[in-house]
Colleague: 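Sharing a structure below in structure tokens format, with a few things to ask.
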Amino acid sequence: MVRVVEQLEAEDRLLEALDLLRSVDRAGADPDLEEHLLRLHCAAFAHLDSPRGRDEWLPPASDALAAPDTVPEVGADDLTPAVVSRALGDHGCLLVRGLVRPDQVRLLKQDMDRAFDARDAVVAGVPPESTRPWFMPFMSAVPRNAKYNRDGSVRTVDSPRTFNDVMEVFGDAGVGALVAEFFGERPAMSVNKCELRRIPGGPARTPDFHQDGSFLGEDIRTLNVWLALTDCGVDAPSLDVVPRRPAGVLPTGVNRAWQSWTVSKFTVAEVLDDPPVVRPVFEPGDALLFDHLLVHRTGTSEGMQEVRYAVENWFFAPSAYPQVGPGQKRAHLPLVY
């Protein structure tokens with residue numbers, strides 16, 4: 001098998017090499033294999049065959065999926081590209097119950113703890129070579145102080161074992177096939193938009209809202225899979241979402257906004273006509289699907305003392321991949337799913 005993969009790479013058939021290597025049983029896989037897979041995910045993007053995607057993006061829904069100003073819900077067995085399109089077009093998001101099995105939730109949660117512990121060891125001065133496979137900075141794409149010291153976040157690509165487990169779990173759950181059909185092309189991901197989130201509870205705060213399109217751009221096609229690995233929304237932070245689809249990116253950094261990239265609650269009220277804010281309650285294995293236009297923020301309240309574990313994985317249609325500036329190119333390296 002390894003020789004076949006090497007031959008495919010020598011012939012510059014990287015997509016075939018990636019798919020073949022992904023199909024290998026990885027039980028007992030070594031760090032070299034997992035890191036090689038990551039590099040193939042990155043290098044193979046340039047070999048996609050002139051991606052085009054769908055002519056029509058989020059076509060108008062024929063009928064409502066849920067009541068206005070609510071977050072629609074479906075079970076994993078009822079999840080289809082048409083349902084995703086209807087939900088995002090009308091409500092901006094879709095809550096999927098039981099997308100991932102309990103045993104897979106436990107696996108990813110254990111992976112995350114190991115990844116964060118290894119990250120902390122590297123920040124403390126331990127050489128990354130000794131923290132493989134749980135933490136190995138991917139191609140040194142982001143300087144240490146810019147990302148590694150963010151207590152609540154680790155890039156998935158910086159934990160090769162976790163990255164490959166996430167890919168396996170998504171494959172088993174049918175996520176890859178769903179997104180490919182939704183886009184009409186094989187999906188891509190971004191180095192900086194695949195993250196492991198471990199957010200502690202604590203004092204309640206009401207941060208500004210944001211839209212990822214404010215820094216990724218509007219003329220893109222995306223689908224974020226925000227996967228909860230713990231209960232969220234009662235004892236641990238959740239997400240606050242505005243279940244209306246705006247026409248575009250709302251003004252940022254104005255109207256008493258806290259940051260240049262955030263949207264103040266006053267702007268949200270003015271532009272979207274005083275919309276409701278919904279805080280979904282997640283069980284482990286539930287996921288929220290949304291794109292770059294959803295208005296959302298971290299949802300916290302007094303009494304939330306538990307830690308929230310979640311995996312955030314943004315998928316992109318390669319035919320409309322974000323255009324980034326020269327200083328962002330390495331941070332937004334594309335990865336083929």
Colleague: If two hydrophobic side chains count as joined below 4.5 Å and joins carry through other members, does Leu18 share a cluster with Leu20?
Modeller: yes

Colleague: Working note: Asp30 + Leu33, criterion side chain to side chain contact (heavy atoms under 4.5 Å, CB included); need CA distance, chi angles, decisive distance, verdict.
Modeller: CA-CA 6 Å; Asp30 62 78; Leu33 172 63; 3.9 Å; yes

Colleague: Any pair with a residue in residues 170-180 that passes side-chain hydrogen bond (donor to acceptor under 3.5 Å, both in side chains), sequence neighbours left out, goes on the list, sorted by first then second residue, please.
Modeller: Gln104-Asp172

Colleague: Locate the shortest heavy-atom distance separating Pro237 from Thr298; write the atom from each residue and the value.
Modeller: CB-CG2, 4.2 Å

Colleague: Quick one: CZ on Phe183 to OG1 on Thr222, what's the gap to the nearest 0.5 Å?
Modeller: 6.0 Å

Colleague: Hey, does the side chain of Asp240 reach the backbone of His296 with a donor-acceptor pair shorter than 3.5 angstrom?
Modeller: no

Colleague: State the CZ-OG distance between Arg119 and Ser159, to the nearest 0.5 angstrom.
Modeller: 11.0 Å

Colleague: Identify which one of His41, Glu34, Arg22 satisfies the side chain to side chain donor-acceptor pair (under 3.5 Å) criterion when paired with Asn164.
Modeller: Arg22

Colleague: Find out whether Arg186 and Leu15 are in side-chain contact, i.e. whether some heavy atom of one side chain is under 4.5 Å from a heavy atom of the other.
Modeller: yes

Colleague: Kindly indicate whether the side chain of Phe316, heavy atoms from C-beta on, has any atom under 4.5 Å from the side chain of Leu223.
Modeller: no

Colleague: For Ser264, check side chain to side chain donor-acceptor pair (under 3.5 Å) against everything at least two apart and list the hits.
Modeller: Thr267

Colleague: Should Glu283 and Asp231 count as side-chain neighbours, where that means a heavy-atom distance under 4.5 Å?
Modeller: yes

Colleague: Any salt bridge between Glu35 and Arg132, counting N to O under 4.0 Å?
Modeller: yes

Colleague: Do Val281 and Val234 make a side-chain contact, defined as non-hydrogen atoms from C-beta onward lying under 4.5 Å apart?
Modeller: yes

Colleague: Flag yes if Leu250 and Phe290 sit in one hydrophobic cluster, no otherwise; membership is Ile, Leu, Val, Met, Phe, Trp, Tyr, and two members link when side-chain heavy atoms are under 4.5 Å apart.
Modeller: no

Colleague: If you measure from the Lys or Arg side-chain nitrogens to the Asp or Glu carboxylate oxygens, is any gap between Glu195 and Arg155 under 4.0 Å?
Modeller: no

Colleague: Go through the steps to decide whether Met136 and Leu38 satisfy the test side chain to side chain contact (heavy atoms under 4.5 Å, CB included), and finish with yes or no.
Modeller: CA-CA 11 Å; Met136 171 57 68; Leu38 257 171; over 6 Å; no

Colleague: Do you know which two heavy atoms are closest between Arg297 and Pro207, and how far apart they sit?
Modeller: CD-O, 3.2 Å

Colleague: State whether Asp208 and Arg256 are salt-bridged, where the test is any N-O pair (Lys NZ or Arg NE/NH1/NH2 against Asp/Glu carboxylate O) under 4.0 Å.
Modeller: no

Colleague: Would you please name every residue forming a ring-ring contact (aromatic ring centres under 6.0 Å, His included) with His36, sequence neighbours left out?
Modeller: none

Colleague: To check you understand the geometry: which heavy-atom pair defines the closest contact between Tyr337 and Gly171, and what is its length?
Modeller: OH-N, 3.3 Å

Colleague: Can you tell if the side chain of Leu294 reaches within under 4.5 Å of the side chain of Gln211, non-hydrogen atoms only?
Modeller: no

Colleague: Do you know the tightest heavy-atom contact between Pro275 and Ala269?
Modeller: CD-CA, 4.0 Å

Colleague: Answer yes when Arg245 and Asp291 have at least one side-chain N-carboxylate O distance shorter than 4.0 Å, and no when they do not.
Modeller: yes

Colleague: Using side chain to side chain donor-acceptor pair (under 3.5 Å) as the criterion, list what pairs up with Glu312, not counting sequence neighbours.
Modeller: Arg197, Asn224, Trp314

Colleague: I need the full list of salt bridge (Lys or Arg N to Asp or Glu O under 4.0 Å) pairs touching residues 64-83, with sequence neighbours left out, sorted by first then second residue.
Modeller: Asp69-Arg244, Glu73-Arg97

Colleague: Do side-chain atoms of Ser238 reach the backbone of Arg279 as a donor and acceptor pair under 3.5 angstrom?
Modeller: no

Colleague: Is there a path of hydrophobic side-chain contacts, each under 4.5 Å between heavy atoms of I/L/V/M/F/W/Y residues, joining Leu216 to Val249?
Modeller: no

Colleague: For Ser319 and Glu185, does a side-chain donor sit closer than 3.5 Å to a side-chain acceptor?
Modeller: yes

Colleague: State, to 0.1 Å, how close Cys93 and Val241 come at their nearest heavy-atom pair, and which atoms those are.
Modeller: SG-CG2, 4.3 Å

Colleague: I'd like to know if the side chain of His292 reaches the main chain of Glu218, judged simply by a donor and an acceptor atom lying under 3.5 Å from each other, with no hydrogens or angles considered.
Modeller: yes

Colleague: Answer yes or no: are there more than 12 heavy-atom neighbours, outside Asp219 itself, under 6.0 Å from its atom CG?
Modeller: no

Colleague: Quick check for you: to the nearest 0.5 Å, what is the distance between Leu196 atom CG and Asp111 atom CG?
Modeller: 8.5 Å

Colleague: At what distance, to the nearest 0.5 angstrom, does SG of Cys232 lie from CD1 of Ile199?
Modeller: 10.0 Å

Colleague: Is any side-chain heavy atom of Val74 closer than 4.5 Å to a side-chain heavy atom of Leu95?
Modeller: no

Colleague: For the pair Leu37 and Phe163, evaluate side chain to side chain contact (heavy atoms under 4.5 Å, CB included) and give the outcome as yes or no after the intermediate values.
Modeller: CA-CA 10 Å; Leu37 263 170; Phe163 176 88; over 6 Å; no

Colleague: Given the rule in the side chain to side chain contact (heavy atoms under 4.5 Å, CB included) test, do Val295 and Val263 qualify, once you have shown the distances and angles that lead to the verdict?
Modeller: CA-CA 8 Å; Val295 179; Val263 182; 5.6 Å; no

Colleague: Same cluster or not: Leu99 versus Leu88, using hydrophobic residues (I, L, V, M, F, W, Y) connected whenever any side-chain heavy atoms lie under 4.5 Å apart?
Modeller: yes

Colleague: Just how far is it from atom CG of Leu335 to atom CZ of Phe315, taken to the nearest 0.5 Å?
Modeller: 10.5 Å

Colleague: Are Asn313 and Met167 packed together at the side-chain level, in the sense that at least one heavy-atom pair is separated by less than 4.5 angstrom?
Modeller: yes

Colleague: Filter on ring pair (Phe, Tyr, Trp, His ring centres under 6.0 Å), then keep only pairs touching residues 224-244, sequence neighbours left out; what's left?
Modeller: Trp226-Phe282

Colleague: Can a cation-pi geometry be assigned to Arg198 and Phe116, taking NZ or CZ under 6.0 Å from the six-membered ring centre and within 45° of the ring axis?
Modeller: yes

Colleague: So Asp113 and Tyr309, do their side chains get closer than 4.5 Å, heavy atoms only?
Modeller: yes

Colleague: Ala17 and Glu9: which non-hydrogen atoms are nearest, and at how many Å?
Modeller: CB-CG, 3.8 Å

Colleague: Roughly how far apart are Lys265 NZ and Trp258 CH2, rounded to 0.5 Å?
Modeller: 8.5 Å

Colleague: Are Val154 and Val307 in one and the same hydrophobic cluster, where Ile, Leu, Val, Met, Phe, Trp and Tyr link if side-chain heavy atoms are under 4.5 Å apart?
Modeller: yes

